[in-house]
Structures are given as C-alpha cells and as structure tokens.
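Read the structure below first, then the notes.
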Protein chains: 2
Amino acid sequence: MDTQARPQGEPGAARRDSTAAILAAAERVFARAGFHGARMAEIAAASGLPKANLHYYFGTKDRLYRAVLEDILRQWVATAAAWIEPGRDPTEALAGYVRAKLADARRRPGASRIFASEILRGAPLLMPYLTEELRRQVAEMGVVIEDWAARGLIDPIAPPHLFFAIWAMTQTYADFDVQVRAVLGPEADDDAIFAAAEATVTRLVLRGCGVREDAGPQREDRQ
Amino acid sequence: MDTQARPQGEPGAARRDSTAAILAAAERVFARAGFHGARMAEIAAASGLPKANLHYYFGTKDRLYRAVLEDILRQWVATAAAWIEPGRDPTEALAGYVRAKLADARRRPGASRIFASEILRGAPLLMPYLTEELRRQVAEMGVVIEDWAARGLIDPIAPPHLFFAIWAMTQTYADFDVQVRAVLGPEADDDAIFAAAEATVTRLVLRGCGVREDAGPQREDRQ
DNA sequence: AACGAATCTGACCGTGCGGTCAAGATTCGG
DNA sequence: CCGAATCTTGACCGCACGGTCAGATTCGTT
C-alpha cells in the first residue's frame with residue numbers, strides 16, 4: 001500500500017513484510033483456485049504488490065507454491081499428535097483431537113484446501129512428507145491406540161483407518177464448506193455448524209472406538 | 001485407433017464411439033489434473049483422437065468439462081438415496097449405504113475426485129445441484145433418520161452432519177488414495193484396504209447412531 | 001552527506017495452449 | 001452409384017500468463 005506505515009524499520013523489515021503479505025495472499029488464491037488455476041497477477045493484486053515483486057522474492061510460481069505448502073505443513077505438524085499420547089485418557093484425547101482439527105478447519109480453511117488439492121493432484125510435492133513424516137506419526141499414534149485397546153479402555157480398531165476417518169470428517173468442513181452450506185441452507189451460521197459438527201464427529205469417533213462415555217465431552221447439547 | 005473395427009456401422013455410430021472415448025479420457029485427465037491443470041492435447045492423446053476432434057464434438061474445454069460432470073452426476077444421483085428409505089432396517093440401510101459409497105469410490109475414483117475438485121473451486125457449476133437436488137435429497141433422507149430415532153431404533157442425531165460424515169469417510173478412499181497408500185505402505189493391497197475401510201467406517205456409523213449391532217456386517221476380521 | 005546494497009516497479013518478451021479452419025476422407029440417403 | 005452430410009485431420013492463429021529486465025527509489029552504514 002503506502003510507505004508511511006514503516007517510517008524507520010529495523011533491517012530486513014521490508015523483506016519480512018512483503019514476503020508475509022505475499023504468502024498470505026498466495027494462500028488465499030491457491031486455496032480457491034488450485035495451483036494451475038491461480039494467476040500470479042491475481043496473487044499480486046491480492047497482496048497489494050506489483051507482480052514483479054513476487055518474482056523478486058520467490059523466483060517462480062512453483063517456488064512460491066512450495067513456500068506456501070511448507071508454511072502450512074510446519075504448523076500442521078506442530079499441532080498434530082499433541083493429543084494422541086500414551087498417558088492420556090482415550091475419551092479426552094480423541095475428543096480433544098477432533099476438536100483441535102475442527103478448530104483448525106474453521107480458522108484456516110485455506111490450508112486444508114491447498115493440502116487437499118495437492119493430494120488430489122497425486123501429491124507430487126507432498127509425497128516425501130506422506131511416506132515418511134506422516135507415516136511415522138501414524139505408526140506412533142497407532143501404538144497408543146493399540147495400547148488403549150490392550151488395556152481394555154477401547155475396542156480394538158485399525159488405527160490408520162480411524163485416523164483417515166477423523167481427518168476426513170473434520171477436514172470436510174473446510175474443504176467442502178460450500179457443500180455444507182448449500183445443504184444446510186442460508187440460515188445456518190458458523191457457530192451452529194461447527195457446534196453440530198463437533199457433537200456429531202465426536203460421537204461417531206468415541207462410540208466407534210467403544211470408549212466409556214461417562215467422562216465424555218463437556219457439552220453435547222445442540223443437535 | 002484404426003478403422004477396421006467399424007466395417008459397417010449403424011448411423012451415428014462414429015459420433016457415439018468418439019464422444020464416449022473422449023468423455024472417458026477426459027474423466028481420467030480431469031480427475032488427476034483438475035480443470036485448469038488438464039490440457040486438451042493430453043485428453044486428445046488419451047482418447048486416441050486428434051485434438052481438433054474434441055472441439056468438433058464438444059466445442060470448448062468448458063463444455064467438455066460440463067459434459068463430464070453431468071455424466072458423473074447422472075450416475076451419482078441414480079444410485080444415491082436407494083438405501084436410506086423409510087421401510088428399511090437402520091442397520092441394513094446404513095451399512096448398505098456405506099458399502100455402496102465405498103464400492104463407488106473404488107470402482108470410479110475419478111468421478112469422486114472431479115466432484116471434490118469442483119467443490120474446492122467453490123462449485124461454480126455444481127451450485128444449482130447442491131442447493132436444490134442434493135439439499136432436497138438430504139432433507140428427505142433426514143426425515144427417514146428422524147423417523148428411526150422417533151421409533152427408538154437409533155439415537156437422535158443431526159441428519160445432515162451424519163451424511164457429511166459418511167460422504168467424507170467413504171470418498172476419502174477415492175480422493176486421498178495417495179495419502180492412504182503412502183501411510184499404509186506398499187504392502188497394503190486394494191482388497192485389504194477396502195475391507196478394513198468398510199469395517200471401520202461401518203462401525204463408526206452404526207455405533208455412532210446407536211443401532212443395535214446384532215445383525216451387523218458379515219465379517220469384520222481383518223485389521 | 002554520500003555511496004552501495006536492497007527493494008520496488010512498469011514495460012516488455014516468449015511460449016504454451018485453447019481454439020479455428022479449410023481441405024480431405026468416410027458414411028449416408030435415395 | 002452419386003451427391004450431400006458427417007467426420008477426420010494437420011497446420012495455423014491469438015493471446016493470456018509466467019517470467020525478465022533495466023531503471024528508479026529507498027534503506028543501511030559510515
């Protein structure tokens with residue numbers, strides 16, 4: 001926009017501000033249009049900087065896209081697996097995990113959409129992450145699940161498929177929000193949607209795992 | 001390919017053969033690349049016909065894409081809602097619906113991916129379908145669910161969100177198959193994956209709804 | 001103040017791709 | 001068997017869009 005907001009910046013401030021603005025704009029545009037559908041000119045306009053500027057900082061469209069993806073994954077990985085840990089009570093852990101994923105879907109839907117769109121393309125860039133980091137993480141969390149089952153806290157279940165189910169159910173509220181809203185009609189507001197989503201998904205997961213529901217989630221009032 | 005396969009065709013046979021080949025090829029290419037990522041030349045190559053031929057039959061890329069989408073929706077709608085019907089037993093109906101959706105995801109993953117990619121784009125073309133046909137269908141199926149609940153056959157649940165969950169869990173095996181395979185590793189074959197998927201999803205849905213599981217699915221052996 | 005480095009920007013370029021076209025080949029109706 | 005309609009092509013076009021560049025402007029340092 002205009003320069004007056006940065007009268008005397010610390011060194012490298014311009015770089016930081018510009019790249020942040022570009023990344024934010026790129027995340028929005030890539031989320032709605034996908035990699036191929038997104039236009040560099042559109043991202044430039046959305047970030048309030050001239051197109052040549054994007055190339056100054058990121059070189060090519062492909063590199064900008066990778067930067068966005070990495071930014072997303074960084075946060076993704078950081079918050080994941082904080083819930084499914086050995087010490088926890090299964091009910092609390094599973095409900096907490098679902099709640100965290102839903103909150104993420106609501107707060108940063110673009111990230112989920114970019115991830116989805118990348119997997120739809122065959123995950124050309126994410127493949128290493130999927131086969132290594134994610135696979136290892138699922139294996140670790142699977143041990144926890146199986147331990148709970150061995151101790152009789154939940155019924156035996158195929159851990160990876162349980163996670164596929166949880167991811168699918170939660171991310172659908174980010175990726176397919178258009179469909180959700182179309183089906184629910186215009187009178188459904190965000191709060192109502194996500195409250196009902198949390199109640200439903202939590203119930204399917206907890207009951208599906210066969211945990212005792214006595215110490216269940218605080219409230220499951222709204223239908 | 002070569003002409004010898006059609007020595008004496010009935011009228012319009014060429015049109016039917018060519019359009020069918022083009023539609024099939026287009027579905028494959030659009031599924032992996034999305035609308036913007038797909039190249040007309042690629043579809044042409046995949047269909048074994050020269051590019052100009054696609055334009056002869058479909059005019060523009062956009063119209064070809066619409067044709068593919070309509071083809072998908074036609075079959076989609078036809079098979080849906082055959083399961084969630086008033087007369088049925090909830091266990092049988094829900095398990096059957098899940099099984100049908102999973103079979104669809106396995107048999108025609110491209111269709112599911114194109115649908116997903118279209119919704120990710122904001123559903124520019126599908127919006128009428130979503131707000132009218134699908135919305136009405138969900139409302140009808142919701143009545144059935146609520147009727148089951150009223151008769152004490154299942155617990156009360158928010159019907160639309162139940163369907164969102166079922167769609168998400170089943171379609172994830174088509175849309176995100178790359179992720180599924182990456183996480184499960186190379187030793188997991190199709191049969192094993194879908195058997196475990198069916199067992200897991202069915203369990204979450206049936207228990208989530210609180211139906212008695214006596215007459216449950218035939219087998220749930222494999223992990 | 002002054003000079004080099006970093007940042008910014010409008011104007012420009014090459015090409016990949018959707019779409020066209022006109023001429024040739026095949027099929028169809030009578 | 002002939003003329004008309006349908007179908008099949010390779011060659012070609014225009015332009016949208018990713019990327020470049022050189023000159024202007026601002027920043028950081030002494």
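Every heavy atom of this structure was used, including side-chain atoms; hydrogens, water molecules and symmetry mates were not. Chain A is the first sequence line, chain B the second, and so forth, proteins listed ahead of strands; every chain is numbered from 1.
- The shortest distance between side-chain heavy atoms of B:I193 and B:R106 does not fall below 4.5 Å.
- Between the C1' atom of D:dG18 and the CZ atom of A:F58 lies a distance of 16 Å, rounded to the nearest Å.
- Closest to the side chain of B:H55, out of C:dG19, D:dT9, D:dG19, is C:dG19.
- Using a cutoff of 4.0 Å between basic side-chain nitrogens and carboxylate oxygens, B:R108 and B:D104 are not scored as salt-bridged.
- Side chains of B:E133 and B:L73 form no contact here, defined as non-hydrogen atoms less than 4.5 Å apart.
- Side-chain nitrogen and oxygen atoms of A:Y57 include none within less than 4.0 Å of the OP1 or OP2 phosphate oxygen of C:dA6.
- Here C:dG18 presents its P atom at 15 Å from CZ of B:R63, a figure rounded to the nearest Å.
- Between the P atom of C:dG10 and the CG atom of A:L49 lies a distance of 11 Å, rounded to the nearest Å.
- Minimum heavy-atom separation, A:A197 to A:L102: C-CD1, 4.0 Å.
- A salt bridge does not link B:R136 with B:E132: none of the charged nitrogens is closer than 4.0 Å to a carboxylate oxygen.
- Distance A:H36 NE2 to C:dG16 P: 15 Å, rounded to the nearest Å.
- Within 4.0 Å of B:Y56, counting heavy atoms only, lies at least one base atom of the nucleic acid.
- Considering only side-chain N and O atoms, A:R15 lies under 4.0 angstrom from the phosphate OP1 or OP2 of C:dT7.
- The CZ atom of A:R16 sits 15 Å away from the C1' atom of D:dC27 (whole-angstrom rounding).
- One interatomic measurement links the two molecules: CG of B:N53 to C1' of C:dT26, which rounds to 13 Å at whole-angstrom precision.
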Please list, one pair per line, the donor and acceptor atoms closer than 3.5 Å that link side chains of residues 109-123 of chain B to other protein atoms, with sequence neighbours excluded.
residue, atom, partner, partner atom, Å
B:S112, OG, B:D175, OD1, 2.8
B:R113, NE, B:A174, O, 3.2
B:R113, NH2, B:A174, O, 3.3
B:R113, NH2, B:D177, OD1, 3.1
B:R113, NH2, B:D177, OD2, 3.4
B:E118, OE1, B:Y65, OH, 2.5
B:E118, OE1, B:R121, NE, 3.3
B:E118, OE1, B:R121, NH2, 3.1
B:E118, OE2, B:R121, NH2, 3.4
B:E118, OE2, B:L125, N, 3.3

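- Rounded to whole angstrom, the span from the OH atom of A:Y65 across to the P atom of D:dG18 amounts to 14 Å.
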What are the atom names and distances for every N/O pair under 3.5 Å that joins the protein to nucleotides 14-17 of chain D?
none

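- Rounded to whole Å, atom P of D:dG10 lies 13 Å from atom CG of B:L54.
- Residue B:S18 places at least one side-chain N or O under 4.0 Å from the OP1 or OP2 atom of D:dT8.
- Side-chain atoms of B:S18 never come within 3.5 Å of backbone atoms of B:R15 as a donor-acceptor pair (strictly under, hydrogens ignored).
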